[in-house]
Number of protein chains: 4
Amino acid sequence: MDQHRTEVAFPDILAALDLPRVPQQARSRQKRDAILTAAAELFEERGYDATTADDIADAASVSIGTFYSYFRNKRQVFLTLYAASIEDILELGITEIDFATNPRQAIRETVMRALQRDKLFYSLRQAWSELLPRDPEIANYNYQINRLIYQQMLVAGRRVKAQGLTWPELDLEATCWIIVLLLDQALHNMPGPKETSRAELERHQEALINLIYHALFRTA
Amino acid sequence: MDQHRTEVAFPDILAALDLPRVPQQARSRQKRDAILTAAAELFEERGYDATTADDIADAASVSIGTFYSYFRNKRQVFLTLYAASIEDILELGITEIDFATNPRQAIRETVMRALQRDKLFYSLRQAWSELLPRDPEIANYNYQINRLIYQQMLVAGRRVKAQGLTWPELDLEATCWIIVLLLDQALHNMPGPKETSRAELERHQEALINLIYHALFRTA
Amino acid sequence: MDQHRTEVAFPDILAALDLPRVPQQARSRQKRDAILTAAAELFEERGYDATTADDIADAASVSIGTFYSYFRNKRQVFLTLYAASIEDILELGITEIDFATNPRQAIRETVMRALQRDKLFYSLRQAWSELLPRDPEIANYNYQINRLIYQQMLVAGRRVKAQGLTWPELDLEATCWIIVLLLDQALHNMPGPKETSRAELERHQEALINLIYHALFRTA
Amino acid sequence: MDQHRTEVAFPDILAALDLPRVPQQARSRQKRDAILTAAAELFEERGYDATTADDIADAASVSIGTFYSYFRNKRQVFLTLYAASIEDILELGITEIDFATNPRQAIRETVMRALQRDKLFYSLRQAWSELLPRDPEIANYNYQINRLIYQQMLVAGRRVKAQGLTWPELDLEATCWIIVLLLDQALHNMPGPKETSRAELERHQEALINLIYHALFRTA
DNA sequence: AATGAATGAGAGTTCATTCAT
DNA sequence: TATGAATGAACTCTCATTCAT
């Protein structure tokens, strides 16, 4: 894994989506928000494909013309929602975490930060997984975010590796990328198609934390 | 993770898909195969949604009427292909592997078996990822297969745990499920949206193997 | 051709279009003019259909509401522009030209007057040709103007015919109408879809003049 | 006017329109014809823009899907009709006419051939004039046909010019092009927006013939 | 068993015009 | 008088599926 590849900062990624400006007037903002809220609900309920632009306009009590004056199309509505739901990922701040003193606790914190997103994010998971495989731009967007997390992980990883805390033969780059993929999977699929109990979810999270811990650190 | 849940054997999973009978007559079999082959190629090339029933019929040099006499719809064509592409997963035979003598090598073998599928499987990955999020039956199918792998993993895991080779505090069930999810993710997304070199792919595989190894086994 | 049909004077034709009053206030007049200027430019650039009311309002730095307070619709904007562009046709003054002394030169002058319109006129040709076939009122408007030219032509024609300068068998009415149609065609389509050089254009004009000359006058 | 420009043969012009193949099966041919007939009627009645694809399908007692399986869009229906309506122009055969013995009669024949088209042609004039200004391909198509007539005219013209029958100062190329434009105008607009009587039409035609005659030939 | 013409619901999008502020 | 958000009818085109032959 080459850490010298184009380092894309987060705002650039968002900017690349070319989302419409948020209107300044209060009334317009309300309509726009009504559309977004209605869309998020329908996306969660029925999924992305099964939701039409008409459905969203109806649910938002707005005409279809208004819908198209605020958003270029259904995809852009999703993109706007997704961008909003993902902004807090910026705050991951992995590089500032101290992994040396209490590694397992530090990893727990990191994993929690990565997995605990706001309600909106979870309501969009369904739509996201429908669009991802068909939409190269969204796929790339997801990839960029994963790269961002990867790079932060790498900085912290190098520090603990230099301190001799990790397995001697560790391939830090490759391992970090695998962990990123694992977190991505966990984020989108951990509860599984079957509903899981809270207790079970916590067992899984703990296992995930331990798995990452043992992947990197030598000591039990 | 509750290992006493409905233990679904593989043939049952396949049967649940209610696939059309394979015709006995040679000529019919040929037509059916032509449709399947054409569909697999188009699914790989354009993806599932972008491939129409007409496209498949044309590519198979078969009329659209014939297409619909062999398959109820496009989805069923995919299901048939996917069922075929996944049959070899039965042969995983994790339970028969000896993880005690050379654990890392045993894990490497397991991972390789899990990741190295036939050509057909890889050509269906795109279509699979398009359908999975929209099709509860396919999602469930995928879940059942993951359960199957999980259960095999659990049998082998209990053995090595009983021998005291694993971390003492190990939550075997939860960890195995996480590993299954990781393998699923690796299977479908490891190369990532950007093309990766062969060397990089191997580094990732090795990191994956080590990660699983350290997740379970105490010794370096 | 019946020269006794309704003889429509030019101001009446314009009045029939029911154009909006020109506002008296200077600021209003400016807005109105901005709309007209912007519309003329866009009509020339993109054509009539491809120009939306929004486009015009934007280009005129005026709200769409203001646009509709000055003009009933896009069509009326065009009508206003077209009426303005065509006012100078009044000055044709064919009846005052002396066709007896130097007929060819007199015809040249007439043709030039007919073909040389102001810049605005030429910028509206595209829009005009889009609207004419769909808009009976505009078609009638065009017809009235052609009738006007025809009538002037007829007056001059009768004079030279009385002097015995024309072909003896000449059907003056019918021939004048054909000439009017020819001038109409020349006005709107002479350069043709392919770009023509200045020299070629002049050859065509000269040929047109000679053609009209020979159609009427006996002598070489 | 350069007579050495690309000489485009008629079949090439038609081929350039890329029209759909005429179906071979009788039933399909009937449906296709029903669509074409219905379209021609509606185009004449309401014009091109005011006729929708749905209107045509309805009038042809055919589903909209069927409409789109036979034609890519409304424009292609028009193109197909227009190509059919214009095929007979091939038979103009101006080059074979003897203009020397009885020039006026020969011109009369030519003009009649040029103006007397089949019923279909006249029913499409309205649609044609709506599309021409907006559709560069159709404009070019019309231009190519005019060029074709022009070239035939030129061959005949050179012959009579060589025999010394024409005006000595005649610019044959430019004059022929003007005549072509005049014929084009006559073809599409001669009756004018007001209905003309049969007698008036004949007077106009005769004037047109005389006009062309005098434009070229010296003798009365 | 095979054909492929026919169907039509439904998706996405535009834009002239209105009207509350 | 000016604004511009809001409207929604209208239009084009697609494609899974049926069914008469």
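In what follows, chains carry the letters A, B, and so on, assigned in the order in which the sequence lines appear, proteins first and then strands, with residues in each chain numbered from 1. Worth saying up front: this structure is predicted, and the values here are computed from it rather than measured.
Comparing B/Asn73 and C/Ser61 by the nucleotide of DNA chain F that holds the closest heavy atom to each, the one mapping nearer the 5' end is C/Ser61. When each of D/Gly65 and A/Ala53 is assigned the nucleotide of DNA chain E with its nearest heavy atom, D/Gly65 is the one assigned upstream, toward the 5' end.
Base pairing analysis places F/dT21 opposite E/dA2; the two distances defining the Watson-Crick or G-U wobble pair are each below 3.5 Å. Judged by Watson-Crick or G-U wobble contacts below 3.5 Å, the nucleotide E/dA11 has F/dT12 as its partner.
At a threshold of 4.5 Å between non-hydrogen side-chain atoms, the residues B/His188 and B/Leu132 do not count as touching. With a 4.5 Å cut-off on side-chain heavy atoms, A/Gln76 and A/Asn73 count as touching. C/Glu45 places none of its side-chain heavy atoms less than 4.5 Å from the side chain of C/Asp55.
For A/Ile64, counting side-chain heavy atoms from C-beta on, the closest listed nucleotide (F/dA16, F/dA9, F/dT18) is F/dA9. When each of F/dT3, E/dG8, E/dA16 is scored by its nearest atom to the side-chain atoms of C/Ser63, the top-ranked nucleotide is F/dT3. Taking the side chain of B/Thr52 as heavy atoms from C-beta on, and the options F/dC13, F/dC15, E/dT18, the nearest nucleotide is F/dC15. Closest contact between the side chain of D/Lys31 and the listed nucleotides F/dT12, F/dA2, E/dA6 involves E/dA6. Listed nucleotides E/dA2, F/dT12, E/dT17 differ in distance to B/Ser69; the shortest reach to its side chain belongs to E/dA2. Side-chain proximity of A/Tyr70 to F/dA6, F/dT12, E/dT7: nearest is F/dA6.
A straight line from CD1 of A/Ile56 to P of E/dA11 spans 12 Å, rounded to a whole angstrom. Taking atom CG of residue B/Asp55 and atom P of nucleotide F/dC15, one finds them 8 Å apart after rounding to whole Å. Going from atom CZ of A/Phe71 over to atom C1' of E/dT14 covers 18 Å, rounded to whole Å. What separates NZ of C/Lys74 from P of E/dT18 is a distance of 15 Å, to the nearest Å. Taking atom CZ of residue B/Arg29 and atom P of nucleotide E/dA2, one finds them 14 Å apart after rounding to whole Å. Atom-to-atom, CZ of C/Phe67 to P of E/dC15 comes out at 14 Å; the value is rounded to the nearest Å. Atom OH in C/Tyr68 sits about 13 Å away from atom P in E/dC19, given to the nearest Å. A straight line from CG of C/Asp49 to P of F/dA10 spans 18 Å, rounded to a whole angstrom.
The residue from A/Trp128, A/Tyr82, A/Phe43 that alone fulfils the ring pair (Phe, Tyr, Trp, His ring centres under 6.0 Å) condition with A/Tyr48 is A/Phe43.
Here C/Thr66 lies in heavy-atom contact (under 4.0 Å) with a base. A/Asp54 comes within 4.0 angstrom of nothing in the nucleic acid, heavy atoms only.
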Candidate pair A/Phe67 and A/Val77, rule side chain to side chain contact (heavy atoms under 4.5 Å, CB included), full reasoning: CA-CA 10 Å; A/Phe67 176 91; A/Val77 174; 3.7 Å; yes

